[in-house]
Structures are given as C-alpha cells and as structure tokens.
2 protein chains.
Amino acid sequence: MNTVSSPREVATAAADRLYYSRGIQAVSMDELRAETGLSLKKLYALFPSKEAIVLAVLHSRHEQWSAGLERAAATATTPRERVLSIYDYLLECFVSDDYRGCGFVNAFGELGATVPAVAEAARAQKVGFQGYVGKLVAAAGAPAELAPMLVLLAEGAQTTAAICGTPDAARSARAAAEALLDGARAA
Amino acid sequence: MNTVSSPREVATAAADRLYYSRGIQAVSMDELRAETGLSLKKLYALFPSKEAIVLAVLHSRHEQWSAGLERAAATATTPRERVLSIYDYLLECFVSDDYRGCGFVNAFGELGATVPAVAEAARAQKVGFQGYVGKLVAAAGAPAELAPMLVLLAEGAQTTAAICGTPDAARSARAAAEALLDGARAA
DNA sequence: TAGCCTAGAGAACGAACGTTCTCAATGCAA
DNA sequence: TTGCATTGAGAACGTTCGTTCTCTAGGCTA
C-alpha cells in the first residue's frame, strides 16, 4: 500500500468526488485543476481528454464498489448472511448525506447515449454485480432465479435512497431479500 | 380530446423525445427549434428558459407515467393482478428498443445537484409512485411493508433494463413481487 | 393604398467549455 | 557559468450554448 498517491490517483479521486456530487458536465477541467492543484498541462499529460478522465473515474469506482461489497461480505459468518451483507453495504453508502445514487447509473443517464464507452462501463459494472450476487446466491444454496431479483432490490434501493434522500430503502431491500430467501427455502 | 396540439404541447413532446434519448445537456435550444419547426423567438415566448422546458417535460412525463400505470391496472381483474400490472407496464416500456431508463432518474443524475427544481420533480414522481403502490397493496389486503419492496423492484428493473439493454428485468421483478405477495399471504 | 402590428428567421452576444500554446522559471549536465 | 530540456501558470483559441436583438415580410384596419 502506497501512502503517497500518484498524480494520476489524485486527479482520479478528485474528479470522482466532483463528478459524482455535481454531475460530469457540470464540472469543468478548470475546476478539476483548482481542486487537484495540478496544472492543465499536467492533467492533459496524465489523460488525453476529459472523456479519458471520466472512464478512469468509472474504473476506479468499479473497483471501490467491488472492494466495499467484499469487505461487507467478510464480516458475515454464514452464506445467507453473506448474501444479505450486500444491503448492509448499501446502508453504509446511503447514510452519507451526500449520497447521490449509483455513479454508473448517473453517468449512463447523462452520457450513455453520447459516449459509448460510458455506456459500456456502466454495463460492465452491472454485469459484474449480477455475477457477484449469482455466486453468493449459489453459495447459499438458493435457486439461481433469486439472484436477478436480489440485484433489482439493490439497484432500486440506490436510486430510491438518492432521490428520496433517506437510507430507508436499504432496510426494505434487506427485508425483501430475507423474505425471498425464506420463501425459496420453504418451497 | 384535442387532435390539434398546441405549440406548447408540440415543444414539450419534442423536447421530451430529444432529452430522453440523448440527455438534457446534449440537446441545444437550436436543435429543439429544428425538431419542432418553431422559431427561437416562439420557443422563448412559450417558455422563459430551457430550465422551464425541462420542468414542463418532467411534468408531462409524470402524467404519462401515471396514466400508463392506470391503463395497465385497468386490464387486471383482481386486486393482486392490479399490483402485478405494474410490472406488465414496465415490460411494455422496456421492449421499446430506445428505452433509456427512468427519465426522472436520468434527469436527477444529470441536473439534480445543479437545478433544485429538477431534484424536486424527481422526488415528487417517486413519492407519487410509492403512494400508488401503497394503495394497490392495501387494496390487495397485503401488509403495508410490502409496498416499498415492490417499489424497489420496479425502480431496479428500470435501470437494469436500460443499462443491460434487455427487458428481462421486468420478468424477474414480477416474479419477485409474486413471491413476496405469496410469502406475505402464507405468514 | 397607407400605416401599424405581429411574428418568423437567423444573426449576434456574452459566457463557458475543452484543448492548446506561450513564456518564463527551474533543474541539471558538463 | 552556459546551454538545454522540462515544467508550471495561465493566456489564448475555436467552438458551442442559452438568450436576445435586428430586420424584414406579411396581414389587418381604415
């Protein structure tokens, strides 16, 4: 682990913060320069264009999301709890008062139709999450059809928590997931 | 019912089409002028600003969403089917090959942090939908805690269908809703 | 026909953006 | 010290956008 971040990491982290909180097109390169302390010349030496910065942000966000999920899963002791840890991690995210929903959904809505690489990055993150949930569901011995349902609960919770401004959706999602797991076991 | 649309309706409908398919900031006033055939002067006589057009679009989209839900519910014969008609309506939406997710979620992600009125319009639509689902759930004699869960399924299905490009999410959401309704009945 | 009001088409304006360029300051090799 | 390559700060450029303004054509009244 490197405690000193490279300029590229500094720029990516700052861009992530700015883009996520205000929207991508609302943040100019000049603002990113001011936030990072890097010169424009340096920024354009690190990245060929703003689009490349956006893609780097989405890439790092994908990694943080996966790491957060696995960190939450690591605290669980049973396969069933590992499935439910997804919603514990969501709750963690939601309680932040500047939570603004899934960054991939936001980027897709803003740029997905204009910048194909953004749409593809969002798709990749969703497919990755679906695969992760599928693995947890299989490990818990639950039927495979349950996985896409649990995914929908998590996706819906993110937009609902963001727009309504409350973390309640995480609890509803968790309770629904429990009910679905129990129902599948009973059947 | 008026078969001849007012210029305001023409502008709102065209803006809705353009904004939804490409993103709001990606569509200039000049493109809206070209699409509608109205002059810029006329557009600015109808609306004081682009922001006002965006809000009019969201308002009309809210009405279309509610009308679509009620139209789907009208074909159902039992209270339970009326609940599930939500996901039939979603499937209707998803099969359109230019489906791009919930317009309110997209607008919120793009402009919610910059334009408070957009965030409020999105919140109002979500709250309205939650109330609608709550009424259907109550009419079906199901426990009230089910409503927010069914909402999450619908919200998640919209983003998933948009980003992954398939309408499958509607079927998963419907199946999950059925399982939750059945589980609640059994309890 | 004469005068006036409306409205359409698009030029114009000021601001903001992404990107590039200038230029001076710096560090380093010999 | 001299010369050169690198770099930082920010001015500059070309484009695009939202919005306003100009100018002209056309229709209505008398």
Side-chain angles (χ1 to χ4, degrees), chain A residues 4-59 106-107 109-119 121, chain B residues 4-59 106-107 109-119 121:
Chain A
V4 178
S5 305
S6 72
R8 203 172 198 279
E9 289 167 335
V10 169
T12 306
D16 190 18
R17 236 177 306 124
L18 291 172
Y19 292 166
Y20 180 73
S21 66
R22 310 228 315 271
I24 295 171
Q25 296 176 94
V27 176
S28 70
M29 292 295 292
D30 203 61
E31 253 174 307
L32 184 58
R33 174 199 59 76
E35 180 83 3
T36 58
L38 299 166
S39 68
L40 278 177
K41 190 169 192 174
K42 183 78 180 173
L43 282 174
Y44 276 96
L46 295 169
F47 303 94
S49 65
K50 181 176 180 178
E51 177 177 333
I53 302 181
V54 171
L55 295 177
V57 163
L58 292 180
H59 186 263
N106 292 350
E110 186 173 355
L111 296 175
T114 321
V115 185
V118 167
Chain B
V4 177
S5 305
S6 72
R8 203 171 199 279
E9 288 167 335
V10 169
T12 305
D16 189 18
R17 238 177 304 126
L18 292 172
Y19 292 165
Y20 179 73
S21 65
R22 311 227 316 271
I24 294 170
Q25 295 176 93
V27 176
S28 69
M29 291 295 292
D30 203 61
E31 252 174 307
L32 184 58
R33 175 199 58 78
E35 180 83 4
T36 57
L38 300 166
S39 69
L40 278 177
K41 190 169 190 176
K42 183 76 180 173
L43 282 174
Y44 276 95
L46 294 169
F47 303 94
S49 65
K50 181 176 181 179
E51 178 178 332
I53 302 180
V54 171
L55 295 177
V57 163
L58 292 180
H59 186 263
N106 291 350
E110 186 174 355
L111 296 176
T114 322
V115 185
V118 167

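Reminder, nothing fancy here: chain letters follow the sequence lines and each chain counts from 1. Side chains are part of it too, since the values below use all heavy atoms of this structure and drop only hydrogens, waters and symmetry mates.
Of the inter-residue distances, the one linking A/Glu51 atom CD with A/Ile24 atom CD1 reads 10.5 Å to the nearest 0.5 angstrom. Here CG of A/Leu43 is found 9.0 Å from CZ of A/Arg33. Values are rounded to the nearest 0.5 Å.
Side chains of A/Asp16 and A/Thr12 form no contact here, defined as non-hydrogen atoms less than 4.5 Å apart. You'll find the side chain of B/Thr36 stays beyond 4.5 Å of the side chain of B/Lys42, heavy atoms only. Residues B/Lys50 and B/Tyr19 are in side-chain contact: their nearest non-hydrogen atoms beyond the backbone lie under 4.5 Å apart.
As rounded to whole Å, 13 Å separates atom P of C/dT19 from atom CZ of A/Phe47. Rounded to whole angstrom, the span from the OH atom of B/Tyr44 across to the P atom of D/dG18 amounts to 6 Å. Nucleotide C/dC17 holds its P atom 7 Å from the CD atom of A/Glu31, rounded to whole Å. Protein atom CD1 of B/Ile53 is 13 Å distant from nucleotide atom C1' of D/dC17, rounded to whole Å. The separation between B/Leu43 atom CG and C/dA7 atom C1' is 13 Å, rounded to whole Å. Here D/dT16 presents its C1' atom at 10 Å from CG of B/Asp30, a figure rounded to the nearest Å. In this structure, A/Leu32 places its CG atom 13 Å from P of C/dC17, rounding to the nearest Å.
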What one-letter contact string describes nucleotides 7-12 of chain D from 5' to 3', where B marks a base within less than 4.0 Å of any protein heavy atom, S marks contact via sugar-phosphate atoms alone, and - marks no contact? BBB---
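Counting only distance, with no hydrogens or angles, the side chain of B/Glu110 and the backbone of B/Ala107 share no donor-acceptor pair below 3.5 Å.
Closest to the side chain of A/Met29, from the set D/dT19, D/dC17, C/dG18, is C/dG18.
Here the shortest heavy-atom pairing between B/Leu46 and B/Leu38 reads CD1-CD1, 4.2 Å. A/Phe47 and A/Ala56 get closest at one heavy-atom pair: CE2-CB, 3.8 Å.
With sequence neighbours excluded, the residues forming a side-chain contact (heavy atoms from CB on, under 4.5 Å) with B/Glu31 are B/Arg22, B/Val27, B/Ser28, listed by chain and number.
Applying a 4.0 Å cut-off to non-hydrogen atoms, none of the residues of residues 13-27 of chain B approaches DNA chain C.
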